[in-house]
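Since the structure comes first, as structure tokens, the remarks are kept for the end.
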Amino acid sequence: MRRLAAFRRLADQYADIVDSLLVYIEEAHPSDGWASSDAPYQIPRHRCLEDRLRAAQLMNTTVPGSMVVVDTMENAANAAYGAYFERLYIVKDEVVVYQGGRGPEGYRISELRCWLERYRSELEGSRAVVVHV
């Protein structure tokens, strides 16, 4: 949940230039599967969409303010984006312009922050008004 809180802070910081969305996919460490001993919650494997929706709601309650959607039970978004089990993306005009590494090792908020900062600078540069006399 620490990473989720860091993501939320970053999303808030850049809310003036980007929208953020969390896609809740299958549980990485279900309590009835490959359980993690340090997991803050015990979430069993999702057996139906309602299970996944409940787990996503718990995530949203823990770190409010994010728009959260859930993947299908066929894991279509996970398969399409290779998120397994956490990954950062930026999609602009329906094109992936930033693809972070696979988590947990490749999940780097700092890389996302750098991309967003460059993007903000580009936007500010394009808003500059040049007056010729």
Side-chain angles (χ1 to χ4, degrees):
M1 292 296 172
R2 195 174 68 235
R3 289 181 179 181
L4 185 57
F7 173 81
R8 182 71 250 148
R9 286 190 302 274
L10 187 71
D12 288 344
Q13 182 180 354
Y14 292 93
D16 59 322
I17 60 169
V18 296
D19 298 319
S20 62
L21 175 71
L22 297 170
V23 180
Y24 188 90
I25 60 175
E26 63 184 305
E27 185 61 34
H29 299 286
S31 58
D32 58 347
W34 185 35
S36 174
S37 60
D38 63 345
Y41 301 103
Q42 297 301 310
I43 300 171
R45 184 174 292 118
H46 307 142
R47 306 222 186 287
C48 61
L49 191 56
E50 290 75 22
D51 290 347
R52 193 163 284 181
L53 288 166
R54 275 191 295 278
Q57 182 59 40
L58 177 64
M59 180 177 67
N60 200 36
T61 301
T62 304
V63 184
S66 298
M67 181 181 292
V68 179
V69 298
V70 297
D71 199 357
T72 65
M73 291 306 292
E74 293 77 29
N75 300 309
N78 192 3
Y81 286 91
Y84 200 73
F85 282 102
E86 55 189 353
R87 201 166 202 178
L88 299 166
Y89 278 90
I90 295 176
V91 179
K92 182 176 184 266
D93 300 326
E94 300 181 17
V95 175
V96 173
V97 294
Y98 170 83
Q99 176 184 23
R102 287 189 175 161
E105 294 84 11
Y107 185 95
R108 294 189 177 85
I109 289 281
S110 59
E111 286 180 5
L112 184 63
R113 179 178 289 108
C114 287
W115 192 98
L116 290 168
E117 201 51 48
R118 282 192 307 273
Y119 182 62
R120 176 177 273 153
S121 294
E122 289 173 19
L123 288 176
E124 289 170 353
S126 68
R127 293 181 195 148
V129 177
V130 177
V131 177
H132 298 278
V133 281

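Index from 1, following the sequence. The shown structure was predicted, so the numbers you read here are calculated from the model rather than taken from an experiment.
Side chain of Arg108 to backbone of Gly101: no donor-acceptor contact under 3.5 angstrom is found. Remark: side-chain polar atoms of Arg120 are not paired, donor with acceptor, to backbone N or O of Ile17 under 3.5 angstrom. Side chain of Arg52 to backbone of Thr72: a donor-acceptor contact under 3.5 angstrom is found. At least one donor-acceptor pair under 3.5 Å links the side chain of Arg8 to the backbone N or O of Gly65. Remark: side-chain polar atoms of Asp71 are paired, donor with acceptor, to backbone N or O of Asn78 under 3.5 angstrom.
A distance of 11.5 Å separates CD1 in Ile109 from SG in Cys114, rounded to the nearest 0.5 Å. Of the inter-residue distances, the one linking Arg54 atom CZ with Cys48 atom SG reads 6.0 Å to the nearest 0.5 angstrom. Note that CD of Glu105 is 9.0 Å distant from CD of Glu86, once rounded to the nearest 0.5 Å. Interatomic distance, CD of Glu26 versus NE2 of His46, reported as 8.5 Å (0.5 Å rounding). Distance CG/Leu112 to CD1/Ile90: 4.5 Å, rounded to 0.5 Å. From Leu22, atom CG reaches atom CE of Met59 across 5.0 Å, with rounding to the nearest 0.5 Å.
Following chains of ILVMFWY side-chain contacts shorter than 4.5 Å, one cannot reach Val18 starting from Tyr81, and the two form parts of different hydrophobic clusters. Put simply, Tyr89 and Val97 are part of two different groups of oily side chains (I, L, V, M, F, W, Y) that touch within less than 4.5 Å, one to the next.
When Val91, Val69, Val68 are each tested for a side chain to side chain contact (heavy atoms under 4.5 Å, CB included) with Leu21, only one passes: Val69.
Ring orientation note: the planes of Trp115 and Tyr98 are tilted relative to one another, at an angle of 30° to 60°.
In this structure, Val23 and Ala77 approach most closely via the heavy-atom pair CG1-CB, 4.1 Å.
Within a 6.0 Å sphere centred on CE of Met73, heavy atoms belonging to other residues, nucleotides or ligands number more than 12. When the shell of 6.0 Å around OH of Tyr14 is examined, it contains more than 12 heavy atoms from other residues, nucleotides or ligands. Around CG of Asp19, the count of heavy atoms belonging to other residues, nucleotides or ligands within 6.0 Å does not exceed 12.
One finds no salt bridge joining Asp12 and Arg9 here, because no Lys/Arg side-chain nitrogen approaches an Asp/Glu carboxylate oxygen to under 4.0 Å.
Looking only at side-chain heavy atoms (C-beta outward), Phe7 and Leu88 come within less than 4.5 Å of each other.
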